[in-house]
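Notes for the one structure printed next.
This structure is a prediction, so every number in the text was calculated from the model and none was measured. Basis for what follows: all heavy atoms, side chains included, without hydrogens, waters or symmetry-related copies. Along the sequence shown, residues are numbered consecutively beginning with 1.
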Amino acid sequence: MRNSVDSILSSLNLNSETKSLLILEKWINKLCETHSISSEKYGNILIAVTEAVNNAIIHGNLNDATKKTVVSYELTSIKLTFSIKDEGVGFDFDNLPDPTDPKNIETPDGRGIFLMRHLSDDVIFHNDGSFVEISFDL
């Protein structure tokens with residue numbers, strides 16, 4: 001069986017389990033290295049996309065390993081965009097608690113979307129939040 005990171009696949013079909021994040025990280029590493037993405041952008045990409053996939057696995061697919069999380073990317077001369085899709089019902093992405101509010105500081109959840117929005121140049125939710133696009137200007 002061929003290793004999925006030997007060449008840069010345009011998309012990954014990940015089982016919805018946390019060990020899939022290791023496959024994602026290798027894929028992002030290879031993608032950023034191959035396309036000479038700056039180390040500053042690389043860090044933002046790794047964190048933001050990992051947060052999105054982690055949310056898809058945990059909250060979207062409820063850690064059901066039989067459900068897939070699909071991650072793909074599109075690269076143009078000016079932008080790198082990742083698409084993350086899960087099989088969940090979505091969520092109300094417009095009404096999330098502010099993780100910087102003192103009353104939410106110790107809450108274990110709620111930082112992923114905050115990080116995605118602050119580390120990327122654009123985040124767009126589709127299908128009630130079960131499909132997200134995260135873009136980075138190059």
Side-chain angles (χ1 to χ4, degrees):
M1 185 169 139
R2 200 175 123 182
N3 182 336
S4 64
V5 293
D6 286 343
S7 62
I8 303 174
L9 302 173
S10 61
S11 67
L12 293 176
N13 262 335
L14 301 171
N15 292 335
S16 290
E17 50 195 0
T18 54
K19 68 182 180 181
S20 292
L21 295 175
L22 297 172
I23 296 167
L24 174 72
E25 183 178 345
K26 289 178 184 178
W27 182 71
I28 291 172
N29 289 346
K30 182 76 171 174
L31 185 155
C32 288
E33 179 183 307
T34 300
H35 295 294
S36 302
I37 304 298
S38 73
S39 59
E40 178 184 312
K41 284 285 181 189
Y42 161 77
N44 290 350
I45 291 166
L46 183 64
I47 293 168
V49 175
T50 299
E51 287 293 341
V53 171
N54 193 52
N55 282 349
I57 289 170
I58 294 171
H59 302 293
N61 291 337
L62 305 174
N63 289 309
D64 181 344
T66 65
K67 292 186 177 182
K68 298 294 182 190
T69 298
V70 179
V71 186
S72 60
Y73 82 97
E74 182 179 338
L75 179 66
T76 68
S77 61
I78 60 168
K79 188 176 288 204
L80 176 59
T81 302
F82 292 87
S83 298
I84 300 96
K85 297 177 187 177
D86 63 53
E87 296 181 44
V89 296
F91 65 103
D92 186 358
F93 49 85
D94 286 325
N95 291 304
L96 298 170
D98 178 0
T100 64
D101 186 318
K103 68 181 178 192
N104 297 325
I105 291 296
E106 295 190 29
T107 305
D109 293 325
R111 289 171 177 63
I113 292 174
F114 175 85
L115 288 170
M116 290 162 47
R117 286 180 167 150
H118 284 81
L119 296 174
S120 69
D121 293 298
D122 197 17
V123 177
I124 302 170
F125 293 97
H126 305 279
N127 296 346
D128 295 322
S130 63
F131 170 30
V132 62
E133 292 178 300
I134 306 172
S135 297
F136 301 87
D137 295 338
L138 300 177

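With side-chain heavy atoms closer than 4.5 Å counting as contact, directly or through intermediates, Val89 stands alone and belongs to no larger hydrophobic cluster.
Rounded to the nearest 0.5 Å, atoms CD1 (Ile57) and CG (Asn15) are 9.0 Å apart. Taking NZ from Lys30 and CD from Glu25, the interatomic distance works out to 15.0 Å, rounded to the nearest 0.5 Å. Taken from CG in Asn29 to CD1 in Ile37, the straight-line distance is 12.5 Å, to the nearest 0.5 Å. Note: Glu17 CD to Asn61 CG = 11.5 Å, rounded to the nearest 0.5 Å. Annotation: the span from Thr81 atom OG1 to Asp121 atom CG amounts to 9.5 Å, rounded to 0.5 Å. Atoms CG and CD1, from Asn54 and Ile47 in turn, are 13.0 Å apart once rounded to the nearest 0.5 Å.
Residues Leu115 and Leu80 do not share a hydrophobic cluster, clusters being chains of Ile/Leu/Val/Met/Phe/Trp/Tyr side chains in contact below 4.5 Å. Transitive grouping of hydrophobic side chains (ILVMFWY, heavy atoms separated by less than 4.5 Å) keeps Ile45 and Val70 in distinct clusters. Under the 4.5 Å side-chain contact rule for hydrophobic residues, Ile113 and Phe131 do not share a cluster.
The two residues Ile134 and Ser120 have their closest heavy-atom pair at CG2-CB, 3.4 Å. In plain terms, the two heavy atoms of Leu119 and Phe136 that are nearest each other are O-CE2, 3.6 Å. Of all the heavy atoms in Ser11 and Ser72, the pair that sits closest is CB-CB, 3.6 Å. Scanning all heavy atoms of the two residues, the minimum distance from His59 to Leu62 falls at O-CD2, 3.5 Å. Contact detail for Glu133 and His126: the closest heavy-atom pair is OE1-NE2, 2.7 Å. The two residues Asp137 and Lys79 come nearest to each other via the heavy atoms OD1-CE, 3.6 Å.
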task: Give the intermediate values and the outcome of side-chain contact (heavy atoms from CB on, under 4.5 Å) for residues Val132 and Ile124.
output: CA-CA 6 Å; Val132 62; Ile124 302 170; over 6 Å; no

message: Applying side-chain hydrogen bond (donor to acceptor under 3.5 Å, both in side chains) to Asp86 and Ser16, what does each step give before you reach the verdict?
response: CA-CA 9 Å; Asp86 63 53; Ser16 290; over 6 Å; no

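Trp27 has its side chain within reach of Val71: a pair of non-hydrogen atoms, C-beta onward, lies under 4.5 Å apart. Looking at Leu21 and Leu24, their side chains come closer than 4.5 Å, going by heavy atoms from C-beta outward. You'll find the side chain of Asn55 reaches within 4.5 Å of the side chain of Met116, heavy atoms only.
Ring planes of Tyr73 and Phe82: tilted class, angle from 30 to 60°.
Within 6.0 Å of NZ on Lys85 lie no more than 12 heavy atoms contributed by other residues, nucleotides or ligands.
Take Asp64 and apply the salt bridge (charged side-chain N to carboxylate O under 4.0 Å, His left out) test, not counting sequence neighbours, and it matches no residue.
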